[in-house]
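Predicted, not measured: the structure shown is a model, and the values here were computed from it. In listed order, ligands and their atoms are each counted from 1.
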Amino acid sequence: MTEQTDFDSDETYLDDFDIAPVRLTVDLGALVDNWKEMARRSGRASTAAVVKADAYGLGLEDCGTALYEAGARDFFVAAVQEGVTLRTYAPYARIYVLSGIWPGQERMFYENDLVPVIISEEQLAFWMSVTAEHGDHPCALHIDTGFNRLGLPAEEAIAFAEDVSRPASFSPVLVMSHLHSGDSPASPLNRSQLESFQRVATAFEGVPTSLSASAGIFLGPEYHFDLTRPGIAAYGGEAVNGMQALKPVAKAEARIIQIRDAPSGSTVSYGATHQLSRNSRLAVVSAGYADGYLRSLSGSGVPLRAGGAPGAFGFIANRRVPVIGRVTMDLTIFDVTDVPENEIRTGDYIELFGPNIALDDAARAGGTIGYELLTALGLRYERRYIYPDD
Ligand SMILES: *Cc1c(COP(=O)(O)O)cnc(C)c1O
């Protein structure tokens, strides 16, 4: 039952963003700049935008719209439903669905003009039956050149390309493969995948080709083919090991809900895994692993990370401040003893990652990668988008 209250209806209080427990700022201008930089680095190849998993956790509607307005006309999503959603924001784009098509999805593909990326022989046979029944429709072919994840094995793809009995109506609009070690430029496996893909490309002469995601673009022009598929680099993550990311796109912040003094010798958080070695000031923020601030980012007490990274840092008042003890579901504790008392108070925000704490540094502290921190961002985040012309 709703009680009558004495709050005035015109008292709108503060902007939600200014009081949110956790908040995310997405710089769409930086996203567009990064995507354009990857397009520039793709040379003569066209450049698609990869927006699977809700645009790497940053929001399909806003990111998809910004990339479309920036000129992207080829998009990749993982699941058909993502393609249906994207179609609203990218009316004239070609939208590829990386998981391909399954029975029951035919109508969604045809009505929204989505292109299934055929991932297996089983799916290819199904697709043939779909086009025989519903009419020609574009598709793409994924070729496995060594990943052992999705795609027709290269030799079978070549046999299929050369099979004169295959229906004339079946002409893929794209033949693609995916590198497993593009982030390690020194790996000889990149070249063996390249050579395998070159043989497939030759067999499908005249059909546009695509091999490289963000990392592969940095391997050089041989790897570009007709279409590149950058994702993480556009979102401000590291694409290649040891190479700095482009512009940061996402800033995640958590609000300080309590600042407390804790005596030397006392312990912090679950399991008492951190004992304070000095009288300390601790800031408790309202973000935890339920928000995707992973438990593995804890300052201590994560057995699987034993001997590894020391845990994550936040940023406030021009200083890096360490996470102390375990990250909990809704709360995380930072040691702010070294922040002058007049520069920090309850209600302030600690940056979890963004312009001052690189996404991938935060990820490494938790034994993971930027991709995972972005796609783990929880539902409680209040989001603010900065548009390119703001
Ligand atoms: C996710 C994905 C991409 C984009 O990869 P990034 O490393 O984020 O650039 C490209 N192609 C395929 C097949 C993918 O699954």
Original post:
Is the closest N or O pair between Gly231 and ligand 1 shorter than 3.5 Å?
Top reply: yes
**OP:** Give the contacting part of Ser214 toward ligand 1: side chain, backbone, both or neither, where contact means a heavy-atom distance below 4.0 Å.
**Re:** both
**OP:** Report yes if some N/O of Ile232 lies less than 3.5 Å from some N/O of ligand 1; otherwise report no.
**Re:** yes
**OP:** Have a look at Met38, His178, Glu238 and point out the one with the heavy atom closest to atom 12 (C) of ligand 1.
**Re:** His178
Original post:
ligand 1 and Lys52, any nitrogen or oxygen pair closer than 3.5 angstrom?
Top reply: yes
Original post:
Can you tell me if Ala215 has a non-hydrogen atom under 4.0 Å from ligand 1?
Top reply: no
Original post:
Which class fits the ring pair Tyr293 and Phe334: parallel under 30°, tilted 30 to 60°, perpendicular over 60°?
Top reply: tilted
Original post:
Hey, is Tyr235 one of the residues with a heavy atom under 4.0 angstrom from ligand 1?
Top reply: no
Subject >> Stacked cation flag Arg73 on Tyr68, 6.0 angstrom / 45 deg >> reply: yes
**OP:** Could you point out which residue of Thr145, Leu211, Leu189 forms a side chain to side chain contact (heavy atoms under 4.5 Å, CB included) with Leu179?
**Re:** Leu211
Original post:
For atom 7 (O) of ligand 1, what's the nearest protein heavy atom and its distance?
Top reply: Tyr371 OH, 2.6 Å
**OP:** Give the atoms of ligand 1, by number and element, whose distance to some non-hydrogen atom of Tyr56 is under 4.0 Å.
**Re:** 1 (C), 4 (C), 5 (O), 6 (P), 8 (O)
**OP:** Would you mind checking which non-hydrogen protein atom is closest to atom 11 (N) of ligand 1, with the distance to 0.1 Å?
**Re:** Arg229 NE, 2.9 Å
**OP:** Mind checking whether Phe76 contacts ligand 1 via backbone (N, CA, C, O), side chain (CB onward), both or neither, at a 4.0 Å heavy-atom cut-off?
**Re:** neither
Original post:
Shared ILVMFWY cluster between Leu58 and Met38, side chains joined below 4.5 angstrom?
Top reply: no
Original post:
Is the cationic atom of Arg149 (NZ for Lys, CZ for Arg) positioned less than 6.0 Å from the six-membered ring centroid of Phe147 and within 45 degrees of its normal?
Top reply: yes
Original post:
Can you name the closest pair of heavy atoms from Ile256 and Ile316 and give their distance?
Top reply: CD1-CD1, 3.8 Å
Subject >> Ligand-side contact atoms (ligand 1) for residue partner Arg149, heavy atom cut-off under 4.0 Å >> reply: 15 (O)
**OP:** Establish, for the pair Arg320 and Phe313, whether the NZ or CZ atom is under 6.0 angstrom from the six-membered ring centre and no further than 45 degrees off its axis.
**Re:** yes
Subject >> Residue and atom name of the nearest protein heavy atom (relative to atom 5 (O) of ligand 1), distance in Å to one decimal >> reply: Ala213 CB, 3.3 Å
Subject >> Numbering as shown, the atoms of ligand 1 that approach Pro230 to under 4.0 Å (heavy-atom distance) >> reply: 9 (O)
Original post:
So which heavy atom on Leu282 is nearest to which on Ala262, and how close?
Top reply: CD1-CB, 3.9 Å
**OP:** Quick one: closest heavy-atom pair of Leu373 and Gly292, and the distance?
**Re:** CD2-O, 3.8 Å
